[in-house]
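Presented below is the structure to which this report refers.
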Amino acid sequence: MARSMRAIAVLPAQHEVKVLTAPEPRLQSPTDVRVRILEVGVCGTDKEICAFEYGTPPSGSEHLVIGHESLGEVVEAGPAVTKVRPGDLVVVMVRRPCDRPECVPCRAGRADFCSTGEFVERGINGAHGFMTEYVVDDERWLVPVPRSLRDVAVLVEPLTIAEKALLQVAQIQARLPWSCETRTRGWCHAAVVLGAGPVGLLGAMALVRAGFRTFVYSREAEGGAKDSLVRSFGATYVSSATTPPEGLPERTGGVDLVYEAVGLSRLAFEVMAHVERNGIFVFTGVAALKGPQPLDTDTLMRNLVLKNQVALGTVNAGRDAFEAAVADLGVFLERWPDAIREVITGRFPIEAHRDLLLGKPGGIKNLIALAN
Ligand SMILES: [Zn+2]
Ligand SMILES: [Zn+2]
């Protein structure tokens, strides 16, 4: 008899969100690993799934176990597993490749660039997620995490968004022969982060670490809690309440990179009009569809061409970004131990799931703790 465990799931057909019991998963192949989930981050994606905006159960299941921002501990490893062993901390990657032979990215191990759209994502689309006590997965989807990162490693997955963006920004900047040289001289480009939620704050930390003069642009007034948090890791907070987009260049001394993490298209394009020559604009937010809005497309197009600008959208992350996130979290914890811990607002028991997923809990990143 399989033992049973609790899981937080949505039942889209019934429009229900609830804790249900399911049999504990078992190893299915010699390279499978069983992971005891320690904690899972709650994010906007989870809330949207719980509002039934999207989210697809695995085929044959009425429910989808949600949660994709995981931290767990290996408790059992199949006989052919070589990369992890019981006791190791791991983060489980989210996206699985499509099975179409013609999908070059998936066949090359880069499902984050899947060209068919038929990929599966644990906790989101076609596979159960991590808001449960145990999960089983193949070792190739596990990212080992040092024990020293136990308190913050649940932030690895949300940090991968910025890491994938930074890897691409580095590739784009490599076209400019002077970009690396200026960094070693200590002078660096100015980056503006749009939004001060978890994705924005983690992105800002990654940008500071990468050597950018970093500004966080958000609604809250200057001098408040977000301002002091941002200042504590070496970035500057600029409030959109007092500085409109056209005032940004004066505050920042020019905008060379924008890292959009707010999901508001109008604001994003207003800021885009103020990007410098050779600048890069990275979109990471998924804007709600609110209908057409007026936009000065002539200016935007002229800027893109005449100023050699790049606009880039990015989603999900490959193993390289997960490993960069683990490395960077180690740096953040060493340089800004209070700031990185402050990104985690609280750890809550499974019973608090309704408030966290259906309510407006506030704070930055709330966690559901499944085990200690
Ligand atoms: Zn998320
Ligand atoms: Zn694919």
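Both ligands and their constituent atoms are indexed starting at 1 by order of listing. All values derive from a computational prediction rather than experimental measurement. For reference, positions follow the sequence shown, starting with 1.
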Expected list for residues 196-211: side-chain donor-acceptor pairs under 3.5 angstrom, two or more places apart:
from	atom 1	to	atom 2	distance (Å)
R209	NE	D328	OD1	2.6
R209	NE	D328	OD2	3.3
R209	NH2	D328	OD1	3.4
R209	NH2	D328	OD2	3.2

D112, T284, N316, D320 screened by side chain to side chain donor-acceptor pair (under 3.5 Å) with K164, the one that passes: D112
Atoms named by residue and atom, protein N, O or S, within reach of the Zn ion (ligand 1) (under 2.8 Å): C43 SG, H68 NE2, E69 OE2
Co-members of L20 in a cluster of I, L, V, M, F, W and Y side chains, linked at under 4.5 Å: none
Axial cation check for F119 ring with R95, 6.0 Å and 45° limits: yes
Plane angle bin for F233 and W336 - parallel if under 30°, tilted between 30 and 60°, otherwise perpendicular: tilted
Ring geometry between H189 and F212 (parallel below 30°, tilted from 30 to 60°, perpendicular above 60°): tilted
Between atom [atom1] of [X] and atom [atom2] of [Y], what is the distance when rounded to the nearest 0.5 Å?
X    : Y    : atom1 : atom2 : answer
N278 : K307 : CG    : NZ    : 10.5 Å
Q171 : L166 : CD    : CG    : 11.5 Å
H68  : N125 : NE2   : CG    : 12.5 Å

Protein N, O or S atoms lying under 2.8 Å from the Zn ion (ligand 2), listed by chain and number: C98 SG, C103 SG, C106 SG, C114 SG
